[in-house]
Amino acid sequence: MVVSRKKKFVNLDFVPTISDSEDDIPDLDESDNEINQGNSAPVKNSSKSTKQKKSKTKNSQELDEDVHEDMNGDFHFNTDGDELTTKFDGWEFLGDKKEDQAKRDVDLDGIIRRKGGLIKKAHVETSDEEQEDEEDEDEKEEEEEEEEAQDKGDDDELAMDGFGMGNAKTTNEAADEEDSESEDMSADEEENDGTSELNIPGGDEKEEEEDDSEEAKANFYAPENEGDEAKKQVHNTFNTLSLSRPVLKGLAALGYSKPSPIQSAAIPIALLGKDIIAGAVTGSGKTAAFMIPIIERLLYKPAKVTSTRVIVLTPTRELAIQVSDVGKKVGKFVNGVTFGLAVGGLNLRQQEQQLKSRPDIVVATPGRFIDHIRNSASFNVDSVEILVIDEADRMLEDGFQDELNEIMSLLPSKRQTLLFSATMNSKIKQLISLSLKKPVRIMIDPPKQAAAKLVQEFVRIRKRDNLKPALLYTLIRKLDGAGQKRIVVFVARKETAHKLRIILGLLGQSVGELHGSLTQEQRLDSVNKFKSLEVPVLLCTDLASRGLDIPKIEVVINYDMPKSYEIYLHRVGRTARAGREGRSVTFVGEASQDRVIVRSAIRSVEENIGRGKALGRNVDWNQVEETNKLIEKMDTTIDEILDEEKQEKEIIRAEMELKKSENLLKHKSEIQSRPKRTWFQTETEKKNAKIFDALSKNKKTTNSKKRKRQEAMEDSSSSRSYKKTKNDRAQDQERTFKKQKAPKNDKKKVKYMKGRN
Ligand SMILES: Nc1ncnc2c1ncn2[C@@H]1O[C@H](COP(=O)(O)OP(=O)(O)OP(=O)(O)O)[C@@H](O)[C@H]1O
C-alpha cells in the first residue's frame, strides 16, 4: 500500500500516514448526523443503530465488535451547544497486579461494621422535613415564604457577602438554589443564574511571578503565529488530520469522532516533529492530543531495532496507569506497538521483566523511572526520540526538580519534547532545563479557567471548623441520598481522610480513601471501587487532583481549601469533564488564602460569561449541629476502631515478615547474587532537598541550625550523585548492538509495516 504525502508539508519529519484508499475508514461524519438528529436519544442506541444501518463490510463489522458502546462519539468540546451525556465508563486502573499476588489488608469496613456502622445511614431531620410533618400543603407554602424572608436577612448563610464580595443573590435565586439541591443536580440549575451579582473587590491577591519579557519569549519560543495558525485550522473530523487507518480505527472504537480543540491544534504540529508547550482546560482531551501523534510517528518511522522510543512522565502512579491505558486503546489496531509501565509502588521485578522487552512507549513516574534506568540492566533510554511531560507545570515544581534534572541528563538531547497541562503557565527560566527547541506554544483556553459546565459553590465555615465532618455528611446526603453519584472529597491531610472515613462509616455512609499512606494495591482498589460505584464517595489528598479521568464524577467537594488556585482548578476539574456538567462545593475558611482562591474563581466566571457559575450555598446549620451531636458521641468508638485497625496491621506485618524470612531462606543464593540496587536519592536526601529549596527561597529566615542542615544536605548530595557514566552508556550501547544482531529483532519492523497497510 502506498503512503500518500500531502504536499503542503515538506518537513521530512512529518508523518502523513493516511491511506490513499479511505473507502474502508469508518465514516464518522455519517454517524454524527444521525446522533445529532436524535439529540436526546441515548448515545449507545444511536451509535448502534447507525452501525446497524451500514452495509456490513469487513471493516465495519470489525469496528462493531470493538466500539466502546458506552462512549459518545458525538460529544463536542465546544461547550456552547447541547451535550449528550457519554456512557464511557473509564480507563482501566489495573496496574500490573496479578490476582494471586493480592496482599492481605486490614478490613477497616469490617471493623466499622462490628462497631455498629455502615449499616443504616444516620438520619437527622432537616428543618424542612420537620415542618412538612406538621403542616398541610397550604400552610407549607406560607412557611416557605416566611423562610425566604428570613433567608433574605441572613446573609451569613448566603456566604458570599461574608467574603466581602457583596450580597450574592436575590431571595428568589437563593430559593431556587435550595430547591435544586435536593434534586438531580444537573437539571434545573441552568435557569438559576447566581453569578452575575457577585462582586469582586480588589485586594490581597497574591503577586504573580513576573512575566517573561517579549524579547525572552521571541528567543525561546517558536514564532507566535505557528501556534495561532494551528488553533485557527479547526478540524471537524479526525480524517483531515492525516492519520493512518489503524489509528483512526482506534479512535472510532473509542467513540471519538471529532477532535477536541487541543487535539485539532496540537496533532499536526506534533506530527511535524516540533516541540510543544500546550495548555487546555481540564478534561479537554490532552492525553489523546499527545498519544495520537506519538503512535502515529512510531507507526510511520518503524524502528530498526527493538527499543524504547517514547517516554511519558506523569506526577502520579494512577495517572501513569491511566495514560498508558489511553495509549493502548488509541493504538489498539496498530500492529506491534508496545507499552510499558515504570511506576512506583507496583511490582518492581514484574516491571523489570516488562522493560527488558524494550516497549516502544514507557509511561513512568520519575522516581521509579530513574530506578529502572540505573538498575534494570537491559533497559536503557538511548533510543528515546520523544519525551512527553504530562502535568508539566507540576513536574517543574520543586518536588520533582532534582529527578527531572537527572532524567534530562540521561535522555538523548536530540528528541522531540511535548509538555501538557491545564495550568501551563511555567516561566522560561523553569523551562530552560528541559532543553526545548523553539517550542510552539498552543494555549487553547484562557489560562486559569475551570471547565465550561462547572457550577462552583462555596460554603463559608466561619468559626465552625468543628462542624466540618457533620457538614460533609449532611452535604453528601443532600446531594446524593441514593448513593448513585460519584463524589470526590479533597482533604489536606491523609489523617483527615482516614478519620473521616471512620466517622462517615459510623454514620452509615460508605466511603473510600486515596492517599499516599495506602499501598499501591489499596490505591488502585479504591479507584476501581469508586469507578464501579461500589463505594460512591472517595476521600482524597491532592494525589488525585491531577489528571484522573473518571467520567461520571458528579461532585467535587473541597473539604479543606487547596494551597493555590491552580490546584483548585485541577481538583474541580475532576468533574465537568469532556463537556459534561458538574458541581463543586468548597468549604471556605477564614484564611486570606482561602478568600483569594474564591475571588479568583468568581472573577474567572465573571470574565467568561456563559462559562459555568459561581454561587454561595445555603446550609441548614441546625441539621448540621444535630449530626454533630451524633459524631461527638462517637469519640470512644473511633479510638477503639483505630486501635483495632492498628493491631490487625501489626498481625499482618508480622505474618509478612515471617513469609519474607522464609523466602529469604528458600531463595538465599538467588537473592544474594542480584546486583545491589543504587538509588538516585534516599528518602533523607529527598527531605533535605526540600529543606534546601525552602531555605533558598526564604534566605532571610536561615538560622544557624537550618544552615547546618543545609550544609549537611549539600555534603550528602555531593557524594550521592550518580549518573550513567560514559562507560555505562558505552556498555548499554554494546548490549543494544548485540541485540540488534539477533535476527528476531527484525520482527517488529515487519509488524509496523503491516500496521501501515
Ligand atoms: N475527541 C474526543 N472525543 C470524545 N471524547 C474524548 C475525545 N478526546 C478525549 N475524550 C475524552 O475526554 C475525557 C477527558 O480527556 P483527558 O483525560 O485526556 O483530559 P485532560 O485534558 O488530560 O484532563 P486533565 O487536565 O484533567 O488531565 C476522557 O474521558 C476522554 O476519553
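Remember, it's 1-based here, ligands and their atoms both numbered in the order they're listed.
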Of Val556, Leu479, Thr575, Val572, which meets side-chain contact (heavy atoms from CB on, under 4.5 Å) against Arg583?
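One option only clears the test, and that one is Leu479.
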Hey, which of Val384, Ile294, Leu272, Asp275 is the one that makes side-chain contact (heavy atoms from CB on, under 4.5 Å) with Gln416?
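Of Val384, Ile294, Leu272, Asp275, side-chain contact (heavy atoms from CB on, under 4.5 Å) with Gln416 is met by Asp275 alone.
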Check whether any side-chain N or O of Lys552 sits under 3.5 Å from a backbone N or O of Ile550 as a donor-acceptor pair, and report yes or no.
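The answer is no, because no donor-acceptor pair under 3.5 Å joins these two groups.
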Determine yes or no for a side-chain-to-main-chain donor-acceptor pair under 3.5 angstrom, with Thr338 supplying the side chain and Asp360 the backbone.
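Yes, the answer is positive, given that a donor and an acceptor are paired below the 3.5 Å cut-off.
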For Gln322 and Asp549, test the side chains for any donor-to-acceptor distance below 3.5 angstrom and give the result as yes or no.
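No, Asp549 and Gln322 have no side-chain donor paired with an acceptor closer than 3.5 Å.
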Mark up the atoms of ligand 1 that fall under 4.0 Å of a heavy atom belonging to [X], in ascending order.
X	answer
Arg574	26 (O)
Ala422	25 (O)
Ala578	12 (O), 13 (C)
Lys258	1 (N), 2 (C), 3 (N)

Can an N or O of [X] be found at a distance shorter than 3.5 Å from an N or O of ligand 1?
X	answer
Gly283	yes
Gly285	yes
Ser284	yes
Tyr256	yes

Show, in sequence, the C-alpha distance, side-chain angles and deciding distance for His570 and Ser545, and conclude whether the side chain to side chain donor-acceptor pair (under 3.5 Å) test is met.
CA-CA 6 Å; His570 283 282; Ser545 62; over 6 Å; no
Considering Arg571, Gln322, Arg577, which one's heavy-atom position lies nearest to atom 24 (P) of ligand 1?
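Answer by nearest heavy atom: Arg577.
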Heavy atom to atom 22 (O) of ligand 1, shortest distance: which of Leu548, Val281, Thr287, Asp549 holds it?
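Selected option, by shortest heavy-atom distance: Thr287.
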Strictly under 4.0 Å, does any heavy atom of Phe420 approach an atom of ligand 1?
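So Phe420 does not count as touching ligand 1.
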Strictly under 4.0 Å, does any heavy atom of Glu391 approach an atom of ligand 1?
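Within the 4.0 Å threshold, so yes.
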Backbone, side chain, both or neither: what part of Phe238 comes under 4.0 angstrom of ligand 1, heavy atoms only?
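Contact part for Phe238 vs ligand 1: side chain (C-beta onward).
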With the threshold set at 4.0 Å, does a side-chain nitrogen-carboxylate oxygen contact exist between Glu229 and Lys232?
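So Glu229 pairs with Lys232 through a salt bridge.
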Between Arg546 and Asp393, is there a salt bridge with N-O shorter than 4.0 Å?
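Salt bridge flag = yes for Arg546 with Asp393.
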Is it the case that Lys286 places NZ or CZ above or below the six-membered ring of Phe420, under 6.0 angstrom from the centre and within 45 degrees of the axis?
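No - Lys286 does not lie over the ring of Phe420 by the 6.0 Å and 45° rule.
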